[in-house]
Amino acid sequence: MKYGFFDDGAREYVITRPDTPAPWANYLGSPEYGALISNNAGGYSFAKSGANGRLLRYVFNNFDQPGRYMYIRDNESKDFWSASWQPVGKSLDEYRSECRHGTAYTRMLADYAGIHSEALYYVPLNKSYEVWNLTVRNDSGKARKLTVTGYAEFTNNSNYEQDQVNLQYSLFIGRTYFDKNRVVQQVHGNLADIEKDKPVDNKIVTERFLGLAGNPVSSYCGDKEEFLGRYHTYANPAGVERGDLGNGLSYNENSCGAVSTVIELQPGEEKSIAFIVGMKYSDEAEKIIAGYDDVRKTCEAELSELKEWWHGKFENFQVKTPSAEFNTMINTWNAYNCFMTFIWSRAASFIYCGLRNGYGYRDTVQDIQGVIHLAPEMAVEKIRFMLSAQVDNGGGLPLVKFTHNAGHEDTPDDASYVKETGHPAYRADDALWLFPTVFKYVSETGNLAFIDEVIPFANKDSGTVYEHLKRAINFSMERLGPHGLPAGLYADWNDCLRLGKNGESSFVAFQYYYAMTVIKHFAEYKKDSEYIAFIDRKQAEFGKLLNDLCWNEDRFIRGFTEAGETIGKRDDPEANMWLNPQSWSVISGFASKEQAEKALGSVRKQLNTEYGAVLMDPPYHAHAFEGALAVIYNAGVKENSGIFSQSQGWIILAEALSGHGNAAFTYFLENAPSAQNDKAEVRVLEPYCYGQFTEGKASPHFGRSHVHWLTGTASTVMVGCVEGILGMRPDFGGLRIAPSVPSDWKEFSMEKTFRGKKLKISVENPNGKESGFTEFYVNGEKLSDNYVPESKLTATTEIRLIM
Ligand code: IFM
C-alpha cells in the first residue's frame, strides 16, 4: 500500500494519504533551535537542548499529539477543520490533503469546504524561532468569513523531565500574558522583579511566545484547559468551536499560546499570515514578528534560502542510474538522513525523547562518514571535536557531553564520569572508528596538513592527529585478551554483546587490523619508517593469530567470552552465524579471496531475507551465554536476530569490494526505504528515511521497521553505495573509480565535486558486467589504470569508464 511518492525534482516526499501507519516526520532547524514535525503537524521544539530547552510539548507513546495546530473556522456554517488533517480529522471523502516534506521545511496543502490552505512550517536559516506560514484561498463562489487560530502547547518547564514528571513543581511556575500580537508564557515569572538575570536556586525567568504577523488578533488564550474546554480534545477545542478564544490567561497549571484572527475573502481571494513561535523575551519577540509585516514575501525568501543551502550540499554528489529508488536515496533522502544524524546524533526524534545530552563516540565518528563527500568542511569540524574527546590513553569517551570541555574532562577511569554519564567503562571499538573516518576525510580533500594539526585530548595534553591515531592503536594493543585479540572491555559495536572485560571480539579484531593498514598510510606520509616496520610486524603476527583463531570453515566466529567460550561457531545451537565479522573480514582487507567468497556466501545463505540480512541466526532463546544481552529482546528484534539496518551498509560495501555488484545492490534494495514505498503497511516507517532495525524472520511482524531517522544506517549505507556500488574511492593522491553495480545497469553517470573541481563521470557497461573496467579516459586521454591522479583534474573533468 502506498501513502505517497517521491517528487525528485523538488526534493520532496509527498504524502497523499494523511492516515499514514505511523507519524511520518521531518526535521526543521538546527542545534540552536530544533523542531520535529509529522505529516499531521505533531511534534515538538527545543532551543539548544532537547533535554533542557524543550518549549513545545509532545507526548510520547500517544500517537502524534500535540502539535503545531492551525484551525480554520467558517463563521457562517460554524464548521471548522485544521490545516493539517489531524487533529480535527475531517472525513477523507471531503478533505483533500497533501503533505510535502522537504529539506528542513514541511508544507501541508488542504482543500475543504471551498477553502484551499497551504501551511508552511520552517525555521529560518541561522534563526532560533519557527514560522508557521498559512495561506488561505477562497475557491468557493461566494464571500467567506473565516476565523483562523494557531495553537502551541508550551511545556511548563524547559527541562523535559520536570515538565513530564515533576508536576507538583512545574504546574506552579508558569503564567501567561498577552501583548499586542502575541501570547507570552513566563516560566518562573515570579522572579521577574528580582534583579535581571540573577538566578534563584539556578532559575531565572524564561519567556516563550506564539505571535501573529499579517493580520490583527481577534481573540487569544494562554491557558490550555480553557482553550480546549473540559472533556474536549484537540479535535474540538471549545475556543475554536465558539470562534472566540475568550482572552483567558494562565496562572499555574498548563499554559498554551493560542491566537485567532478573522479573515474575510472574496471569491478567488487569498491571504497569508504567519504564526511565529520561539523562546525569546517579549521585546525580542516583538521585533521578530515585525520582520514579517510582508508575510508572503518574507516567507518565500526564507524558504528559498533554506532550499539553496541544503540543495547546494547535495549538489556535491549526484548520480543518475537506472534505479529510481537508488537515485532518490543517494541524491536526496539518504544524504539528508546523513545530515540529520550528523547534526542530531541520537538526541531527538519521536523515539529518542531528547534526553540524551551528548554524542555517543562510535555513533558520531561513524555519522561523520556519511557527509564527507557532501560537506567536508562540516565533517572536519566534527572530526576535530571527536578527536578532542579521545582520552590521552587513546580510548574514546563513551559519551561526549554537548558541553564537552576538551582538556578538562573526566574519563571512565573516574567515578565522577561514570556517575554522570552512566557509562561504566571504555568500549573496545570507540576510537577505532577514527581510522576510516579520518582516512576518508583526508582522501576526499587531499588536506594532508590535517595530520599535523594539534588537537587536545579529552582529559589532558594534546597531540597531532597522527599522534591521536597512534594512541588509538596503542589503546587496543595494550588491551589484548588471553588469546591476543582485542579485549571485549565493556562492549564492542554491539551493545548487547558483553563478552567480558577479558573476552575477545573478532569484529574489533578486524577493525584493529584495518586501523593498522590506515596508520601505515599516514606513517608513509610522515616518512616514519621505524613505525611502519613496527606496525608491519605487528599486523603480520596479528593476522596469523586472527586467521588461526577465528576462521571456522565457511565463516568467521564472533569472539570469545571471558570464560573461554567461543561465540558464533558453525555447530552452536543458537547464534552460530553473525553478520558483522563476515562483512568486516572483507572491509578490513583481511579475508583471503577464498574466505571472502565463502563468508559472503554463508551470509547470503543463512542470514539474508527479503528485507535484508539478520544480525545473527538463530536468535537467542535457551542457549544465551551470560553476556548475550540480546536475549532480553523478542526474537527477530534489534540485536536478537533483527535486521539491524546499520549492518546492511557494511554487507553492501563488502560485496561491492569483492566485485559482486548484483549482491551489493540486492542488499541495498532489500532494506532501502524508497524501495518499500508501496509496502508502507509492512514497513510502517517513513519510506524516505532509515530506521535502526527491521523485524527479522523470527518475528510475526517480519518487515516492520523501527526507530526512525537517527541511526548509523544513514552513513553506513551511504558509504556502502558511494564507495562500494558506485566505486568512488579517493586516496591521498587522487580518485579511484571502481564501480560494482548490477549487471543490468547498461550505463549511469555521476557528478562529483572533488577538491574544488567538478567531475562528470559516465560509465558504460555494454557487456553486462558487475565490476572491473576495460577502458578509462580522463578528459579524452586513455589511462591504463582506473585512477585519476589529482594532477589530471581540471575545473571540469570529463571521465569515461567502460566496464
Ligand atoms: O552500535 C550500537 C550503537 O552505538 C547504539 N545503538 C545500537 C548499536 C548496536 O548495538
Side-chain angles (χ1 to χ4, degrees), residues 337 340-342 344-349 351-353 355-370 386 389 395-400 412 421-434 436-437 486 488-499 503 505-508 510-511 558-559 567-568 575 578-581 583-584 587 612-616 619-620 624 627-634 636-651 671 690-696 705-717 719:
N337 201 163
M340 293 304 108
T341 57
F342 179 83
W344 297 113
S345 183
R346 308 296 174 267
S349 71
I351 298 295
Y352 292 106
C353 303
L355 279 191
R356 194 150 147 211
N357 232 345
Y359 299 99
Y361 201 91
R362 73 161 81 93
D363 293 345
T364 297
V365 177
Q366 290 173 80
D367 291 343
I368 295 168
Q369 293 179 19
M386 294 312 290
L397 285 178
L399 187 86
V400 187
T421 65
H423 285 273
Y426 291 101
R427 297 181 302 197
D429 64 321
D430 275 336
L432 290 174
W433 291 106
L434 289 168
T437 303
L489 305 188
Y490 187 60
D492 69 2
W493 170 87
N494 188 327
D495 287 331
C496 294
L497 190 66
R498 301 284 156 79
L499 296 164
S505 152
S506 66
F507 187 173
V508 181
F510 290 125
Q511 289 185 275
R558 188 62 176 82
I567 304 301
W578 292 73
L579 177 59
N580 294 332
S583 51
W584 268 87
I587 295 169
V614 295
L615 195 59
M616 50 75 155
Y620 280 123
L629 299 191
V631 75
I632 61 177
Y633 291 117
N634 290 328
V637 168
K638 288 185 65 112
E639 283 92 340
N640 196 14
S641 212
I643 298 161
F644 217 94
S645 310
Q646 190 178 359
S647 297
Q648 307 306 302
W650 296 324
I651 194 72
N671 204 244
Y690 279 100
Q692 185 200 61
F693 75 98
T694 299
E695 292 180 55
S705 298
H706 299 270
V707 193
H708 64 169
W709 281 105
L710 302 185
T711 158
T713 315
S715 69
T716 62
V717 176
V719 170

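For ligands, and for the atoms within them, numbers begin at 1 and follow the listed sequence. If you read the sequence from its start, that first residue is 1, and numbering goes on from there.
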### Task
Begin from the C-alpha positions of Gln646 and Trp493 and carry the test side-chain hydrogen bond (donor to acceptor under 3.5 Å, both in side chains) through to its verdict.
CA-CA 11 Å; Gln646 190 178 359; Trp493 170 87; 3.1 Å; yes

### Ligand-side contact atoms (ligand 1) for residue partner Asn494, heavy atom cut-off under 4.0 Å
10 (O)

### Message
Is the terminal nitrogen or CZ of Arg498 (NZ for Lys, CZ for Arg) located under 6.0 angstrom from the six-membered ring centre of Tyr490 and within 45° of that ring's axis?
### Response
yes

## Note on the structure
of all protein heavy atoms, closest to atom 2 (C) of ligand 1 is Trp493 O, 3.2 Å

#### Entry: Protein contact of atom 7 (C) of ligand 1 - nearest heavy atom, named by residue and atom, plus distance
Asp495 OD2, 3.4 Å

### Task
Tell me which part of Asp363 gets within contact of ligand 1: side chain, backbone, both or neither, using heavy atoms under 4.0 Å.
side chain

### Message
Heavy atoms only, cut-off 4.0 Å: how does Glu639 contact ligand 1, side chain, backbone, both, or neither?
### Response
side chain

### Polar contact flag for Arg427 and ligand 1 (N/O pairs, less than 3.5 Å)
no

### Task
Spell out, as yes or no, whether a donor-acceptor pair under 3.5 Å connects the side chain of Asn337 to the backbone of Trp709.
yes

### Thr711 (side chain) donor-acceptor with Thr713 (main chain) under 3.5 angstrom
yes

### Query
Residues two or more places apart in sequence or in another chain: which of them pass side chain to side chain donor-acceptor pair (under 3.5 Å) with Glu695?
Ser699, Arg704, His706

